[in-house]
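Notes to accompany the following structure.
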There are 2 protein chains.
Amino acid sequence: MALADESGIDALSMRRLADALDVVPMALYKHVANKDQLLDGMIDTVISEIDPAIAGAGWRTAIRSRILSARQVLKRHPWASRVLETRSNASPVVLDYMNSMIGIFIEGGFSIDLTHHVMHAMGSRLLGFSQELFDDSASMDPEMRDAVVRQMEGRFPHIAAVVKTVYHDAGSVVGAGCDDQFEFEFALDLLLDGLESLRAKGWSSRRG
Amino acid sequence: MALADESGIDALSMRRLADALDVVPMALYKHVANKDQLLDGMIDTVISEIDPAIAGAGWRTAIRSRILSARQVLKRHPWASRVLETRSNASPVVLDYMNSMIGIFIEGGFSIDLTHHVMHAMGSRLLGFSQELFDDSASMDPEMRDAVVRQMEGRFPHIAAVVKTVYHDAGSVVGAGCDDQFEFEFALDLLLDGLESLRAKGWSSRRG
DNA sequence: ACCTGAACACCGTTCAAGT
DNA sequence: ACCTGAACACCGTTCAAGT
């Protein structure tokens with residue numbers, strides 16, 4: 001995990017890991033059956049870093065704070081979301097986490113039926129990540145980004161308009177772009193609002 | 001794309017592609033600078049298969065039907081979502097698509113500020129996919145799944161409860177599990193409902 | 001119980017050379 | 001303008017062998 005945290009997941013080959021441990025590549029295979037098993041173990045360690053659920057709080061507080069904790073964990077291990085997506089079978093540790101999340105919804109007054117669909121709708125957000133489509137992390141100096149906006153204006157006027165207000169709101173701080181934490185909580189709260197309203201009105205997918 | 005559709009994205013190596021085209025690997029490099037550029041081109045082709053936006057409809061109809069069209073396209077090319085996530089720069093084709101989606105929101109009465117956050121909140125759902133965490137596609141015969149449920153009951157009681165109602169609702173049809181299309185539309189509509197309510201009340205992230 | 005060395009079947013990509 | 005062949009620097013993983 002230290003190697004992946006520092007050098008990225010692409011740098012984590014069995015050979016390079018062995019090198020970092022001052023050992024020959026094949027020595028790793030006495031501790032782990034193959035690379036997939038290594039990645040499985042790393043994911044379990046990541047999940048176990050998520051704070052336990054707050055007891056005695058309402059469902060919304062419990063879910064929200066747990067998800068935000070998961071998000072902090074994933075920020076420490078940026079490779080984890082990509083690895084998670086490639087895992088084909090949930091480990092007991094992941095199942096434990098999901099089981100406790102489901103438990104919070106059910107104890108919070110969600111029907112089992114609604115809880116099922118809620119788990120689908122939350123998807124990877126339950127583990128604190130969401131797939132952003134654009135990488136807006138590239139920080140640019142004001143001149144550079146003005147040039148980019150000007151170039152977009154003709155062909156992609158709507159994108160240019162959005163980008164302009166983002167920069168305007170962020171002020172003149174160099175490199176300031178979108179506020180990841182704000183966007184994550186915005187989407188999370190939008191979902192939680194929707195869930196609460198479905199719960200309150202006794203929503204059901206059943207025909208009967 | 002035919003090779004990836006048939007054999008999966010892992011089977012798409014430059015060497016195997018060359019083989020399928022009855023050509024030597026290096027011949028590909030006269031048409032494409034490297035593998036990333038090949039993948040970029042494949043993504044552009046995928047995006048261009050998405051239906052154009054319906055003109056004259058309300059924002060919600062336009063967005064909803066376009067996203068559902070994108071979902072159908074991604075179902076024809078199951079590798080596309082994973083490849084999309086690894087693209088670091090949006091191509092003009094992708095920007096075009098995003099530009100037109102933003103345009104629909106703005107014409108539909110969303111402020112630029114709200115539209116910005118909406119684009120983040122929708123994330124990859126704008127392109128018709130969402131990251132499901134569990135692969136429930138494995139179909140099992142009734143006996144098998146009963147055994148799985150019984151095994152879960154002790155350690156993961158909440159998961160077992162959910163799985164039981166899913167199977168119960170699906171009836172005795174062998175292999176019937178979760179209804180992907182239903183789950184996708186459930187989450188999509190939950191989001192669209194939330195967006196409409198923010199739009200209607202003139203939500204703004206600005207302090208001023 | 002743990003580590004080693006050599007080998008196999010793969011990758012993406014370079015370079016120089018062919019037609 | 002397009003294709004080829006040999007090579008380089010990587011992969012994950014096997015097998016048989018060492019201590």
Side-chain angles (χ1 to χ4, degrees), chain A residues 1-47 74 77-94 131 133 135 137-138, chain B residues 1-47 77-94 131 133 135 138:
Chain A
M1 287 179 61
L3 182 59
D5 286 348
E6 282 158 33
S7 320
I9 194 67
D10 290 335
L12 183 76
S13 69
M14 296 302 268
R15 292 168 123 102
R16 286 216 232 180
L17 176 58
D19 240 41
L21 298 172
D22 266 320
V23 111
V24 98
M26 277 318 296
L28 302 176
Y29 287 83
K30 271 287 122 130
H31 304 267
V32 111
N34 49 40
K35 190 176 181 181
D36 262 339
Q37 202 172 94
L38 174 72
L39 295 173
D40 285 344
M42 290 168 69
I43 289 301
D44 281 358
T45 306
V46 167
I47 303 288
L74 288 215
H77 309 297
W79 45 269
S81 57
R82 244 217 282 168
V83 174
L84 253 165
E85 285 176 321
T86 65
R87 298 303 86 195
S88 40
N89 293 308
S91 71
V93 174
V94 175
Q131 4 60 296
L133 277 178
D135 180 14
S137 63
Chain B
M1 287 180 61
L3 182 59
D5 287 347
E6 282 159 33
S7 319
I9 195 67
D10 290 334
L12 183 75
S13 69
M14 296 302 268
R15 292 169 123 102
R16 285 216 232 180
L17 175 59
D19 241 41
L21 298 172
D22 267 320
V23 113
V24 96
M26 277 317 296
L28 302 176
Y29 286 81
K30 272 287 123 137
H31 304 267
V32 111
N34 49 40
K35 191 175 181 181
D36 262 339
Q37 201 172 93
L38 174 72
L39 295 173
D40 285 344
M42 291 168 67
I43 289 301
D44 281 358
T45 307
V46 168
I47 303 288
H77 309 297
W79 44 270
S81 57
R82 243 217 282 168
V83 174
L84 252 164
E85 285 176 321
T86 64
R87 296 306 85 194
S88 40
N89 293 308
S91 71
V93 174
V94 175
Q131 5 58 300
L133 276 178
D135 181 15

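Just so we're on the same page: letters track the sequence lines, and every chain starts at 1. Given the structure is predicted, the values throughout are model-derived calculations rather than measurements.
A pairwise comparison of heavy atoms in A:Ala80 and A:Ile43 identifies O-CD1, 3.8 Å as the closest pair. The two residues B:Ala4 and B:Met42 make their nearest non-hydrogen contact at CB-CE, 4.0 Å.
For the pair B:Tyr29 OH and C:dA16 P, the computed distance is 17 Å after rounding to whole Å. Whole-Å rounding puts the A:Gln37 CD to D:dT13 P distance at 10 Å. Rounding to whole angstrom units, CG of residue A:Asp19 and P of D:dA9 are separated by 16 Å. Rounded to whole angstrom, the span from the CG atom of B:Leu21 across to the C1' atom of D:dC2 amounts to 14 Å. Here C:dC8 presents its C1' atom at 13 Å from CE of A:Met26, a figure rounded to the nearest Å. Distance A:Asn34 CG to C:dA9 P: 20 Å, rounded to the nearest Å. Rounded to an integer number of Å, the gap from A:Leu28 CG to C:dA1 P is 19 Å.
Residue contacts shown for A:Lys30 include a base, since a base heavy atom lies under 4.0 Å away. As judged by a 4.0 angstrom heavy-atom cut-off over every strand, A:Met14 is placed among residues touching the sugar-phosphate backbone only.
Across all strands shown, D:dG18 is found opposite C:dC2 as a Watson-Crick or G-U wobble partner, with both distances under 3.5 Å. As the counterpart of C:dT13, D:dA7 is assigned, both hydrogen-bonding distances of the Watson-Crick or G-U wobble pattern falling under 3.5 Å.
When distances run from any side-chain atom of A:Val23 to the nucleotides D:dC3, C:dT4, D:dG12, the shortest one goes to C:dT4. Taking only side-chain atoms of B:Arg15, from C-beta outward, the nucleotide of C:dA6, D:dC3, C:dT13 with the closest atom is C:dT13.
In this structure the side chain of B:Arg15 reaches within 4.5 angstrom of the side chain of B:Pro25, judged on heavy atoms.
Checking the phosphate oxygens (OP1, OP2) of D:dC10, no side-chain nitrogen or oxygen of A:Arg16 falls inside 4.0 Å. Of the side-chain N and O atoms in B:His31, none sit less than 4.0 angstrom from OP1 or OP2 of D:dA1.
Residues A:Ala33 and A:Asp10 both approach DNA chain D. Their nearest nucleotides, taken by heavy-atom distance, put A:Asp10 toward the 5′ side.
No donor-acceptor distance shorter than 3.5 angstrom exists from the side chain of B:Arg82 to the backbone of A:Thr86, with no hydrogens or angles considered.
Looking only at atom types and distance, the side chain of B:Asp44 has a donor-acceptor partner in the side chain of B:Ser91 under 3.5 Å away.
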